[in-house]
Amino acid sequence: MVSWKGMYFALALFLGSFFGSIFMLGPFLPLMFISPAWYRWITDCIVATWLTLPVALLEMVCGAKVVVTGDGFVPGERSVIIMNHRTRMDWMFLWNCLLRYSYLRLEKICLKSSLKSIPGFGWAMQVAAFVFIQRKWEDDKSHFEKMLDYFCDIREPLQLLIFPEGTDLTGDNLDAIHDITVAYPQNIPQTEKHLLKGNFPKEIHFHVQRYPIETVPTSKEELELWCRKRWEEKEERLRRFYEGGKRFSAAGQSIVPPCKSELRVLAVKCASLLYWTVFPLGMLALLYLYSFAQWYFAAMIVFFVVQQKIFGGLELIELACHRCFKKQQKFHDTKEKID
């Protein structure tokens, strides 16, 4: 049976992402043709405000408790995050950890490409430049490398959630790899249907292991062995967690303290709940009262659908704009050298 908490959780997330994509992100889309770097910074900040909503809903409405142990994060550093997938919702629960220990605007997620078609959620993910893949490394390798090069060119210190096997994790692109083990001592919601029924996790435990990039192997074969060893350690860590006291560390806290106090986190969660409750209602009133808002609303929906059909997604348009600016810059630099 669907619970009111589950319905409120799903409806709040959908309406926030749907109206946010159109009325908050939409006006800034032309900026990608002027300055991709500024477009990326502004839209990342806007998307990050929405990412605080599921954190607030999980903890303040659904009563979930978050426990982070291990190394923690160094805020602002460039890293790859590898994490076990206990449920289909782990990637969203990770935001509860990152809100405290990092900056939500820096996180990018590697997702299957079919998700970009979802109205609201998928549109916002495109604007946020999440990395969409086909699950075929031969096809995805070139796109993946282009996206990483783009983030490096604009000096965006991203934190990318992905399983890194077969990926170049060396050189100047990264500072560290964060190996995160997530576990649920009590109920474990496997899919979105469980959340709709009100089956939210009572506690979410994250154990963070930070590996400086200098300690990570460079060759493909050694990297695969390194990843396999990390996964074996993860399985053993999970076994001890569920067979023992259902905690990763007796201390119950990370070695590196969070970059935000719990008071600040509470303030962010309260502001998020208030804003994302009022904002959709305000946009509905705007659509009801003004015809120009209705025309804009319809035009943006058509735009989001058509651009994906023709170009494949906003993140690809952004990438093309950046390559164009980069070529122009190289041309001007060459011309200045000749002159």
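Throughout, residue positions are numbered sequentially from 1 according to the sequence presented.
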* Check for a donor-acceptor pair, side chain of Thr52 on one end and backbone N or O of Lys269 on the other, with a separation under 3.5 Å. => no
* Please determine which of Gln126, Glu315, Gln308 meets the side-chain hydrogen bond (donor to acceptor under 3.5 Å, both in side chains) test together with Lys116. => Glu315
* Only counting residues at least two apart or in another chain, list the ones meeting salt bridge (Lys or Arg N to Asp or Glu O under 4.0 Å) with Arg88. => Glu192
* Starting at CE of Met147, measure out to CG of Leu160 and round the result to the nearest 0.5 Å. => 9.5 Å
* To do: Test Tyr150 against every option in Glu318, Glu145, Arg323 by the side-chain hydrogen bond (donor to acceptor under 3.5 Å, both in side chains) rule and name the one that passes.
  => Glu318
* Which value, rounded to the nearest 0.5 Å, describes the distance between Ile118 atom CD1 and Leu115 atom CG? -> 5.0 Å
* Spacing of Asp71 atom CG and His178 atom NE2 [to the nearest 0.5 Å] -> 7.5 Å
* To do: Any chance you could measure Cys110, atom SG, to Phe144, atom CZ, to the nearest 0.5 Å?
  => 5.5 Å
N/O donor-acceptor pairs under 3.5 Å from side chains in residues 287-306, not counting sequence neighbours:
residue, atom, partner, partner atom, Å
Gln294, NE2, Leu287, O, 2.6
Tyr296, OH, Ile22, O, 2.6

* Asked: Using the ring of each side chain (for Trp, its six-membered ring), is Phe248 parallel, tilted or perpendicular to Phe241, with breaks at 30° and 60°?
  -> tilted
* Has the side chain of Thr277 got a donor or acceptor atom that lies under 3.5 Å from a matching backbone atom of Leu273? -> yes
* Asked: Taking it one step at a time, do Leu104 and Trp95 satisfy side chain to side chain contact (heavy atoms under 4.5 Å, CB included)?
  -> CA-CA 7 Å; Leu104 286 174; Trp95 297 336; 3.9 Å; yes
* Asked: Under 3.5 Å, side chain of Ser102 to main-chain N/O of Leu98, donor-acceptor pair present?
  -> no
* **Shortest non-hydrogen separation from Phe279 to Met24 and the atoms involved** => CZ-CG, 3.6 Å
* Asked: Any Lys/Arg nitrogen of Glu262 or Arg100 sitting under 4.0 Å from an Asp/Glu carboxylate oxygen of the other?
  -> yes
* For atom NZ of Lys197, is the number of surrounding heavy atoms from other residues, nucleotides or ligands below 6.0 Å larger than 12? -> no
* May I ask you to say whether Asp44 pairs ionically with Lys108, meaning some side-chain N is under 4.0 Å from a carboxylate O? => yes
* Under the side chain to side chain contact (heavy atoms under 4.5 Å, CB included) rule, what do Gln307 and Leu314 come out as? Steps first, then yes or no, please. => CA-CA 7 Å; Gln307 62 81 23; Leu314 286 166; 3.7 Å; yes
* Asked: Does atom CE of Met60 have more than 12 heavy-atom neighbours, drawn from other residues, nucleotides or ligands, at distances under 6.0 Å?
  -> yes
* **Verdict with supporting geometry, Thr49 and Trp276, side chain to side chain contact (heavy atoms under 4.5 Å, CB included)** => CA-CA 9 Å; Thr49 63; Trp276 289 106; 3.5 Å; yes
* Asked: Is it true that Glu233 and Arg239 make a salt bridge, defined as a side-chain N closer than 4.0 Å to a carboxylate O?
  -> no
* Would you say the ring centroid of Phe9 lies under 6.0 angstrom from that of Phe200? -> yes
* **Salt-bridge present (Glu232, Arg228; N to O < 4.0 Å)** => no
* Asked: Distance under 6.0 Å and angle within 45° of the ring axis: does Lys229 meet both against Trp226?
  -> no
* **Separation of Thr87 OG1 from Trp91 CH2 (nearest 0.5 Å)** => 10.0 Å
* **side chain to side chain contact (heavy atoms under 4.5 Å, CB included) between Asp90 and Asn84, intermediate numbers included** => CA-CA 8 Å; Asp90 295 320; Asn84 59 305; 5.7 Å; no
* Asked: Which of parallel (below 30°), tilted (30 to 60°) and perpendicular (above 60°) describes Tyr101 and Phe73?
  -> tilted
* Distance, nearest 0.5 Å, that separates NZ of Lys65 from CD of Gln186 -> 10.0 Å
